[in-house]
2 protein chains.
Amino acid sequence: MSQAFRLKQAIEDAVIAGEFLPGDRLDEASLAERFGVSRTPIREALLQLGSEGFIDVRPRRGAIVSVPSPTRLFEMFETMAEIESACGRLAARRLTPENDAAMTAAHQACELAARAGDSEQYYADNRIFHEAIYRASCNGFLADQALALHKRLSAYRRIQLRARNRLLQSLQEHAGVLEAIRAGDEQLAATRLHDHVLAQGERFSDMVLGLAERQRAAAAGGRSRAAK
Amino acid sequence: MSQAFRLKQAIEDAVIAGEFLPGDRLDEASLAERFGVSRTPIREALLQLGSEGFIDVRPRRGAIVSVPSPTRLFEMFETMAEIESACGRLAARRLTPENDAAMTAAHQACELAARAGDSEQYYADNRIFHEAIYRASCNGFLADQALALHKRLSAYRRIQLRARNRLLQSLQEHAGVLEAIRAGDEQLAATRLHDHVLAQGERFSDMVLGLAERQRAAAAGGRSRAAK
DNA sequence: TAGATGTTGATTGCATGCTGTATCGATTGT
DNA sequence: ACAATCGATACAGCATGCAATCAACATCTA
């Protein structure tokens with residue numbers, strides 16, 4: 001496989017894993033040194049990630065992990081809610097035993113993580129659960145689109161799942177969604193998924209302003225670190 | 001603005017304009033010569049278009065304008081239907097006088113083109129009408145996603161609008177959508193847009209097999225042209 | 001004659017070097 | 001003392017060159 005493709009995955013994974021935070025600078029030279037390749041494949045990887053919205057490539061000014069405005073972030077969550085709700089509706093209509101099994105297994109994994117209060121584990125299993133719903137729509141393209149957006153929002157979802165009671169509430173919402181899909185109730189599945197996702201977005205509206213505040217503080221205090 | 005960005009737009013426009021058809025090879029050297037630049041910015045443009053799904057970049061085998069399988073194509077239309085329907089629902093909920101005016105103007109332009117039987121003009125005005133609906137959702141991110149997918153499907157929409165009575169039927173469906181949005185009827189707007197888009201997809205199911213047939217024939221007969 | 005294998009040609013993938021621009025700091029003038 | 005302008009440095013953008021790989025064609029064998 002080509003270097004650029006591997007690097008794209010590696011950088012994307014690093015962003016999803018929280019190694020690079022929104023606002024962090026991604027300069028070509030340091031990444032090239034870190035991965036032991038020249039600047040060219042790094043550039044190609046960065047440009048692709050830019051097209052997918054993970055990072056902002058500002059002409060002549062380098063790439064940074066994208067920092068959507070609060071408004072934009074809410075729009076992204078609202079869009080996620082619409083897409084997930086479409087997945088849920090189709091899943092309810094077309095559920096197969098295999099997809100049912102996959103969703104159930106993922107839900108049980110979430111339950112274990114939630115009871116243990118392990119938010120990192122829940123974060124991972126939550127993604128598997130949602131991906132199972134996407135696949136259950138029996139529309140591979142829609143599932144790909146949903147997963148891409150899910151990844152883009154993962155940095156923000158992670159922060160938000162830190163609150164412990166949110167874990168249990170999220171789990172309960174998952175159960176409701178699963179129940180509706182199993183019952184073949186398209187409308188209910190769509191509504192519950194919509195609310196489940198949008199709840200995150202709304203819970204976020206509060207948090208975002210605080211985060212933006214911290215970002216600005218970090219930017220002011222972190223100049224020396226970046227300059228070093 | 002950077003060369004790569006301009007080239008990306010230029011190549012994308014050429015694909016949308018039908019200058020490059022699905023399956024056509026896009027080799028770096030000829031594009032570099034055509035645009036008078038080196039291969040590097042061409043490569044960067046192609047990789048970005050690949051990330052956006054316009055073209056397939058097969059490792060070590062060059063890029064071609066993507067040729068989705070009939071199944072994939074139907075999935076794309078179904079996804080488009082879901083996303084447009086979400087736009088319509090939000091537009092009905094949030095309609096402003098400015099957005100109303102934009103949609104109405106676009107609809108009237110469509111009407112002129114349809115009555116004249118000018119399918120190329122209708123193709124252009126149709127896109128403006130749909131884009132007006134996306135913007136009317138008052139969700140910039142959702143609108144961007146919708147427009148990106150609309151562009152990806154434009155090659156197929158164009159073929160299908162060639163049938164003359166389809167123009168008038170499409171126009172009538174537009175009128176119904178607009179009416180529902182104006183009335184603030186979210187459910188009706190969503191349903192009508194969903195059906196409007198999916199009708200294209202279904203009308204396509206027939207056509208796709210024939211197209212695939214022609215593609216194969218062209219590939220067999222066109223080898224010499226490609227080799228020349 | 002048909003199939004398989006080796007070789008050649010063409011094209012992609014990556015590295016490196018140079019140029020132009022943006023940012024940061026210093027110096028000068030008000 | 002503060003602001004503005006000029007210069008230096010560092011980094012992105014692009015071109016070019018080389019190496020690796022894939023595809024096509026020809027040749028050889030069964």
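Just so we're on the same page: letters track the sequence lines, and every chain starts at 1.
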Legend entry - Distance, rounded to the nearest Å, where A:L31 contributes CG and D:dC11 contributes P: 12 Å

Legend entry - Distance in angstrom units between B:F35 CZ and D:dC14 P, rounded: 14 Å

Legend entry - A:E33 atom CD, neighbour heavy-atom count above 12 within 6.0 Å: no

Inset, instruction - Write down the distance between CD (B:E28) and P (D:dA15), rounded to a whole number of angstrom. - result: 13 Å

Legend entry - Nucleotide D:dA12, atom C1' - distance to CG of A:L26 in whole Å: 14 Å

Inset, instruction - Have a look at B:T40 and say if it touches a base, only the backbone sugar-phosphate, or nothing, with a 4.0 Å heavy-atom cut-off. - result: base

Legend entry - Distance, rounded to the nearest Å, where A:L46 contributes CG and D:dC11 contributes P: 15 Å

Inset, instruction - Classify the angle between the aromatic ring planes of A:H107 and A:H174 as parallel (below 30°), tilted (30 to 60°) or perpendicular (above 60°). - result: tilted

Inset, instruction - Please report, rounded to the nearest Å, how far the C1' atom of C:dG13 is from the NZ atom of A:K8. - result: 17 Å

Legend entry - Note: A:E82-A:R89 ion pair, threshold 4.0 Å (strictly below): no

Inset, instruction - Could you check which of C:dT12, C:dA15, C:dC14 has an atom nearest any side-chain atom of B:R25? - result: C:dT12

Inset, instruction - With the side chain counted from C-beta on, respond yes when A:R157 and A:R127 share a heavy-atom pair under 4.5 Å apart, and no when they do not. - result: no

Inset, instruction - Could you state the atom-to-atom distance from CD of B:E44 to P of D:dG13 in whole Å? - result: 8 Å

Inset, instruction - Decide, yes or no, whether a salt bridge links B:E19 with B:R34 under the criterion of side-chain N to carboxylate O below 4.0 Å. - result: yes

Inset, instruction - Indicate yes or no: does B:R72 engage A:D144 in a salt bridge with an N to O separation below 4.0 Å. - result: yes

Legend entry - Sorted by number, the residues of residues 49-64 of chain B with heavy-atom contact under 4.0 Å to DNA chain D: B:R60, B:R61

Inset, instruction - Could you tell me whether B:K8 and B:E44 make a salt bridge, using a distance below 4.0 angstrom between a side-chain N and a carboxylate O? - result: no

Inset, instruction - Using heavy atoms to find the nearest nucleotide of DNA chain C for B:A29 and A:V37 separately, return the residue whose nucleotide is more 5′. - result: B:A29

Inset, instruction - Indicate whether OP1 or OP2 belonging to C:dT12 is found under 4.0 Å from a side-chain N or O atom of B:R43. - result: no

Inset, instruction - Rounded off to whole Å, could you give me the CD-to-P distance for the B:E33 and D:dC14 pair? - result: 19 Å

